[in-house]
Amino acid sequence: MPQITGFEIHDVRFPTSLTGDGTDAMNTDCDYSSAYITLLTDAELVGHGMTFTIGRGNDIVCMAIREVANRLIGKETEDLFADMGKTWDFMMSDPQLRWIGPEKGVIHIATGSVNNALWDMYARSRQKPLWKLVVDFSPEELVRSAAWRYISDAITKEEALDMLKKNESTKAEREAKVREIGYPAYVTSAGWLGYSDEKVARLTKEAVATGFNHFKMKVGADQANDLRRGQIIRSIIDDPQYLPAGTSPRDPNSEDLKDKNAGPTGCVLMIDANQVWDVPQAIDYVKGLEEIKPWFIEEPTAPDDILGHAAIRKALKPHGIGVATGEHAHNRMVFKQLLQAEAIDVCQIDSCRLAGVSEVISVLLMAAKFGVPVCPHAGGVGLCEYVIHLSLIDNIAISGTMERNVLEFVDHLHEHFVTPCSINSRGRYNVPTNPSEGYSIEMYKTSIAEYEWPNGSYWLSTKGKKAQSHGRE
């Protein structure tokens, strides 16, 4: 059987700060970046993984990835695949590395990139996309693949097993349906804070015409400005003339749209503050945006302030506005507490913030038990490629739900991946079907050669040197 013999790590950075892509109230200069690893074996089998930063953080994360990956050298792949939960525990148990977490921060997202690479290798070894590998697990195998330490007060293995067994008989039906129509998506690309009103309007019209019906806008820098931008977006998404030809408005009172503040065309608006406010500030600010009828406010305050989120949710509930968070929730314990405290209406996992697929499965199981929909974060390089797999696992094998869930789509940088995600005419993610794509995160070697920091051809060019100067301003 193959044995892990080494790895390659690449610091890949894209100059998205030049165009304002990714800008929000907290993060004003974002160069979408991938801390990328390829696990190697003594056979042809490889595994690709990455975690996401917005630039210079890659310097630190890539060093941490090296330390985590060293732990797998010499291991037989089939021994690791046989119990991925046990493997995850092994990866987390180096006392020297655990000390600088534990299970949070740089060391945690570095572990995520390596664990994701191992899952990618596992899926490739079985000639299945990652989602298909996991949904074909028996309930017992799926439970065994999760990270269980510290969450038994929220969900036990026995509860999870019972939940999965109840969904087992209808998995094939859900898989067939999502293959046919795709997984619901929402678009953020129209709502970055650094865009002009004209660009926001143009991109919103394009998104509606493409079939999207959920839209997210960044807020938090200036309330009057946010209200104006929200009114621009609402004026477009609520107007039937912009719907795709032959498309009828959706019923805003349908079960799928209930409590989402959908407008007359059935379109939904969400807002995202990226952690910029204190708790009282968040409550007052969002009340002032009630006119644009958002479904939820995302990341209204510090991501690990559980009680703060609960207070915001309680205060906004009479105004019909929900609370979502999770993009920066640094481990399953934060999600556990958010769910136990009834602090969120929407659970937003991040494929790179959590320490890989095994920890994500734990959060999906907890969210399903608490009845909270999972709408993953995907605003960054490679994240859309990753999270469609996670949403399919949730829909087919765990929660059994899809239509109230929406998965973020950002139309940036997909061209750098060998098997990029795609959106169909309904504004939904297509299901990955290539048996060789694993976790869909393999990057073209030409893209790595061009954008690797600091010696990639782009960064050595005149244009790249100007981009470096822009980043230092």
Side-chain donor-acceptor pair present, [X], [Y], cut-off under 3.5 Å:
X    : Y    : result
R71  : S93  : yes
S399 : D394 : yes
Q348 : H377 : no
E8   : T38  : no
H48  : Y36  : yes
N58  : S33  : no
D411 : S189 : no
H330 : R353 : no
S440 : H389 : yes

Pairwise side-chain contact, [X] with [Y], heavy-atom cut-off 4.5 Å (strictly under):
X    : Y    : value
C421 : Y429 : yes
Y183 : N405 : yes
N167 : I398 : no
V12  : S447 : no
V431 : W131 : yes
P129 : T433 : no
I361 : L142 : yes
Y186 : F212 : no

So, using salt bridge (charged side-chain N to carboxylate O under 4.0 Å, His left out) as the criterion, who are the partners of [X] when residues are at least two apart?
X    : result
R66  : none
E206 : R202
K260 : none
E403 : R428

Salt bridge check, [Y] against [X]: does any charged N sit closer than 4.0 Å to a carboxylate O?
X    : Y    : value
E452 : K445 : no
D226 : R229 : yes
R126 : E78  : yes
D11  : R13  : yes
D120 : R124 : yes
K171 : E175 : no

Pair D31, R56 - check salt bridge (Lys or Arg N to Asp or Glu O under 4.0 Å), show working.
CA-CA 9 Å; D31 283 331; R56 293 193 310 274; over 6 Å; no
Could you tell me the separation between the CG atom of D345 and the OG1 atom of T325, rounded to the nearest 0.5 Å?
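So the CG of D345 and the OG1 of T325 are separated by 11.5 Å.
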Reported CG-to-CD1 distance for the pair N213 and I237, which is rounded to 0.5 angstrom:
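Going from the CG atom of N213 to the CD1 atom of I237 covers 9.5 Å.
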Run the side chain to side chain contact (heavy atoms under 4.5 Å, CB included) test on I321 and V286 for me, step by step, so that the C-alpha distance in whole Å, both residues' side-chain angles and the decisive distance to 0.1 Å come before the verdict.
CA-CA 9 Å; I321 302 171; V286 177; 3.9 Å; yes
Could you check D272 against K218 for salt bridge (Lys or Arg N to Asp or Glu O under 4.0 Å), going step by step and ending with a plain yes or no?
CA-CA 5 Å; D272 182 0; K218 300 292 184 174; 2.7 Å; yes
Got a sec, which pairs hit ring pair (Phe, Tyr, Trp, His ring centres under 6.0 Å) with one end in residues 77-114, sequence neighbours left out?
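For residues 77-114: F81-Y122.
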Hey, is [atom1] on [X] packed in by over 12 heavy atoms from elsewhere, all under 6.0 Å?
X    : atom1 : value
E342 : CD    : no
I60  : CD1   : no
K75  : NZ    : no
Q96  : CD    : no

Taking only residues two or more places apart in sequence, or in another chain, which ones meet D136 in a side-chain contact (heavy atoms from CB on, under 4.5 Å)?
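Counting only residues at least two positions away or on another chain, D136 forms a side-chain contact (heavy atoms from CB on, under 4.5 Å) with K128, K132.
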Mutual orientation of the aromatic rings belonging to H414 and F409 [parallel < 30°, tilted 30-60°, perpendicular > 60°]:
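If you compare the ring of H414 with that of F409, the planes turn out parallel.
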Option among V357, L118, T419 that satisfies the side-chain contact (heavy atoms from CB on, under 4.5 Å) test with Y439
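Of all the options given, the one that passes is V357.
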Only one of Y32, Y451, W453 clears ring pair (Phe, Tyr, Trp, His ring centres under 6.0 Å) with F14; which?
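Running ring pair (Phe, Tyr, Trp, His ring centres under 6.0 Å) over Y32, Y451, W453 with F14 returns exactly one hit, Y451.
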Let's go through D94 and R98 carefully: what are the C-alpha distance in whole Å and the side-chain angles of both, what is the deciding distance for salt bridge (Lys or Arg N to Asp or Glu O under 4.0 Å) to 0.1 Å, and is it a yes or a no?
CA-CA 6 Å; D94 184 324; R98 179 178 171 77; over 6 Å; no
Expected output: side-chain T87 to main-chain D83 donor-acceptor under 3.5 Å
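Yes; at least one donor-acceptor contact below 3.5 Å.
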